[in-house]
Amino acid sequence: MFDSVRDDLAATLDEIRAAGLHKPERVIGTPQSATVAVTAGGRPGEVLNFCANNYLGLADHPEVVAAAHEALDRWGYGMASVRFICGTQEVHKELEARLSAFLGQEDTILYSSCFDANGGVFETLLGPEDAVISDALNHASIIDGIRLSKARRFRYANRDMADLEKQLQEAAEGGARRKLVVTDGVFSMDGYVAPLAEICDLAERYDAMVMVDDSHAVGFVGPGGRGTPELHGVMDRVDIITGTLGKALGGASGGYVAARAEIVALLRQRSRPYLFSNTLAPVIAAASLKVLDLLESAGDLRERLAANTELFRTRMAKEGFDVLPGDHAIAPVMIGDAAKAGRMAELLLERGVYVIGFSYPVVPQGQARIRVQLSAAHSTEDVNRAVDAFAAARAELESAGA
């Protein structure tokens, strides 16, 4: 049977490569850090890493690593079960309680990933008589989660409050029983921050709940690192927060839903990714508790990240690069052409800077970019080296007529 499919798949892969959309996987032989060693898929040797979600530099923090070692000895490697059978340890309940307190929510439920968290919310809470109103640039996991539900679907233009109100009006006029507005807190491909205060105002006007995926904010956005609800002063007005332990909070894996108590209680009973997936590894739960300890005194890390971000954005603007506006640590350098973005990423790697070119279907056609992500682990010298490498790579591309 497969022989009849093989040629079609090979042709599709050839088309992807010809269009400059192929996504190679580079292999690194070191822990995740500001500097990594590439062993395959690019220039071998030590390179500066400007494409990880390691915003606070905690992925290889010695206290986090030590907590993981201790957890392996105490709690073991894996649970080999789901939560409601025999997969709940004290460490899981402690982490859920700590996340609830940190995020200002009544309860929290852990998932194996934020993709699963977003995949488990909508089908559980919403039926055919309900409506979900989603930002057009929401993460793929939100889009897929919405597809799993039978709720009516409405989409509003990115951060467009007039369009959001229009969609809320249509949902209300259609007799929706429950209405849920869902948005990324920070949009991962652009670094734009959702206007949560205005979203909450409209949601309250139309009797809708608000859900925020804050994966690219929790840990470093807001005065205490509690994310975009804290930044906008709406922590008590957001009903559901989803997020990940795999970015600023240590960079491993795992996700969560922090929400009103009744919402979390129902998710424990009916959320399919939670009921049918193995428990989050205890070593990740324990190390995440250490991360939350560190966040209590991480003001210097957040300040360093902000300074690195400002330096990179300012210098890139002076060099004439088109960087999407904002002050988030996601700094997309717009290239346009997918093949050119891929080639620039290769030239940057040759100059010791590891970044990735993003193209369709990750971003829209014609909007290829190199998404630079700053970290508190970067030094000022690291940031300046990266900007200099961008300028040199651009000059080589231009000299080659690209």
Side-chain angles (χ1 to χ4, degrees), residues 53 55 102-105 114-115 117-118 121-122 131-146 153-168 171 179-206 208-244 247-249 255-259 302 305-306 309 313 323-332 362-364 367 369 371 373:
N53 299 311
Y55 295 112
F102 184 70
L103 297 171
Q105 289 289 341
C114 188
F115 207 107
N118 285 333
V121 169
F122 304 98
V132 57
I133 305 96
S134 177
D135 189 290
L137 293 188
N138 277 340
H139 191 267
S141 58
I142 293 176
I143 295 170
D144 285 1
I146 291 172
R153 305 165 194 175
F154 299 84
R155 188 173 73 166
Y156 64 97
N158 180 234
R159 300 172 299 141
D160 186 330
M161 295 299 95
D163 195 19
L164 172 57
E165 182 165 22
K166 177 183 176 183
Q167 303 307 319
L168 281 164
K179 297 178 287 293
L180 175 63
V181 178
V182 57
T183 180
D184 283 1
V186 175
F187 295 91
S188 61
M189 285 298 118
D190 303 282
Y192 294 150
V193 178
L196 290 187
E198 292 88 341
I199 289 172
C200 287
D201 288 344
L202 284 171
E204 289 167 3
R205 190 179 308 166
Y206 289 90
M209 296 181 291
V210 175
M211 171 178 164
V212 179
D213 178 340
D214 226 19
S215 293
H216 286 277
V218 170
F220 64 99
V221 171
R226 290 171 170 81
T228 54
E230 182 188 36
L231 177 68
H232 292 288
V234 295
M235 290 180 68
D236 59 338
R237 301 170 68 191
V238 173
D239 302 288
I240 304 169
I241 298 171
T242 63
T244 181
K247 294 182 172 47
L249 303 188
Y256 56 84
V257 176
R302 290 190 286 271
L305 175 60
T309 300
R313 286 178 170 275
V323 180
L324 292 183
D327 57 8
H328 193 272
I330 294 173
V362 181
V363 296
Q367 296 184 30
R369 66 199 67 184
R371 184 183 68 174
Q373 290 167 276

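Keep in mind it's a predicted model, so treat the numbers as computed, not measured.
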Given side chains that start at C-beta, do those of [X] and [Y] come closer than 4.5 Å, heavy atoms only?
X: Met189; Y: Leu137; answer: no
X: Ile199; Y: Tyr156; answer: yes
X: Tyr55; Y: His328; answer: yes
X: Phe102; Y: Glu230; answer: no

Worksheet item: Would you say Arg153 has more than 12 foreign heavy atoms packed within less than 6.0 Å of its CZ?
Response: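 Counting other residues, nucleotides and ligands, CZ of Arg153 exceeds 12 neighbours.
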
Discussion item. With a 6.0 Å cut-off (strictly less than), is the heavy-atom count around CG of Asp160, excluding the residue itself, greater than 12?
Written reply: yes

Fill in: Qualifying residues under ring-ring contact (aromatic ring centres under 6.0 Å, His included), relative to Phe187, sequence neighbours excluded
none

Item to complete: Check the pair His232, Val193 against side chain to side chain contact (heavy atoms under 4.5 Å, CB included), reporting the backbone distance first and the verdict last.
Response: CA-CA 10 Å; His232 292 288; Val193 178; 3.5 Å; yes

Distance (rounded to the nearest 0.5 Å) between [X] [atom1] and [Y] [atom2]:
X: Ser134; Y: Ile142; atom1: OG; atom2: CD1; result: 6.0 Å
X: Ile143; Y: Asp135; atom1: CD1; atom2: CG; result: 9.5 Å
X: Leu168; Y: Met161; atom1: CG; atom2: CE; result: 9.5 Å
X: Ile240; Y: Gln105; atom1: CD1; atom2: CD; result: 9.0 Å
X: Met211; Y: Ile241; atom1: CE; atom2: CD1; result: 10.5 Å
X: His139; Y: Asp144; atom1: NE2; atom2: CG; result: 9.5 Å

Shortest non-hydrogen contact from [X] to [Y]?
X: Phe122; Y: Gly145; value: CD1-C, 3.5 Å
X: Cys200; Y: Val238; value: SG-CG2, 4.2 Å
X: Met235; Y: Leu103; value: CE-O, 3.4 Å
X: Phe154; Y: Ala131; value: CE1-CB, 3.6 Å
X: Arg159; Y: Pro195; value: CG-CD, 3.8 Å
X: Asp163; Y: Ala157; value: OD2-N, 2.8 Å

Discussion item. Name the residue from Asn118, Thr244, Thr242 that meets the side-chain hydrogen bond (donor to acceptor under 3.5 Å, both in side chains) definition with Ser141.
Written reply: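 Among Asn118, Thr244, Thr242, the one that satisfies the side-chain hydrogen bond (donor to acceptor under 3.5 Å, both in side chains) with Ser141 is Asn118.
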
Worksheet item: Which of these, Gln367, Arg369, Arg371, sits in a side-chain hydrogen bond (donor to acceptor under 3.5 Å, both in side chains) with Asp190?
Response: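 Going through the options one by one, the only one that passes is Arg369.
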
Discussion item. Distance alone, cut at 3.5 Å: any donor-acceptor contact between the side chains of Glu165 and Tyr206?
Written reply: yes

Item to complete: For residues His216 and Tyr192, establish whether the separation of their ring centroids is below 6.0 Å.
Response: no

Worksheet item: side chain to side chain contact (heavy atoms under 4.5 Å, CB included) with Thr183: which of Leu196, Ile133, Asn158?
Response: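 The side chain to side chain contact (heavy atoms under 4.5 Å, CB included) with Thr183 is passed solely by Leu196 among Leu196, Ile133, Asn158.
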
Discussion item. Test your reading of the model: is there a side-chain donor-acceptor pair from Arg313 to the backbone of Ala329, 3.5 Å cut-off?
Written reply: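 No, Arg313 side chain to Ala329 backbone: no donor-acceptor pair under 3.5 Å.
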
Item to complete: Could you tell me whether a side-chain N or O of Asp214 sits under 3.5 Å from a main-chain N or O of Thr228, the two making a donor and an acceptor?
Response: yes

Worksheet item: What residues, two or more places apart in sequence or in another chain, satisfy side-chain contact (heavy atoms from CB on, under 4.5 Å) together with Asp201?
Response: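 In terms of side-chain contact (heavy atoms from CB on, under 4.5 Å), with neighbours along the sequence ignored, Asp201 is linked to Arg237.
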
Item to complete: Take Val181 and Gln167, measure what side chain to side chain contact (heavy atoms under 4.5 Å, CB included) needs, and give me the verdict at the end.
Response: CA-CA 10 Å; Val181 178; Gln167 303 307 319; over 6 Å; no

Worksheet item: Yes or no on side chain to side chain contact (heavy atoms under 4.5 Å, CB included) for Val182 and Val132, after CA distance, side-chain angles and deciding distance?
Response: CA-CA 7 Å; Val182 57; Val132 57; 3.9 Å; yes

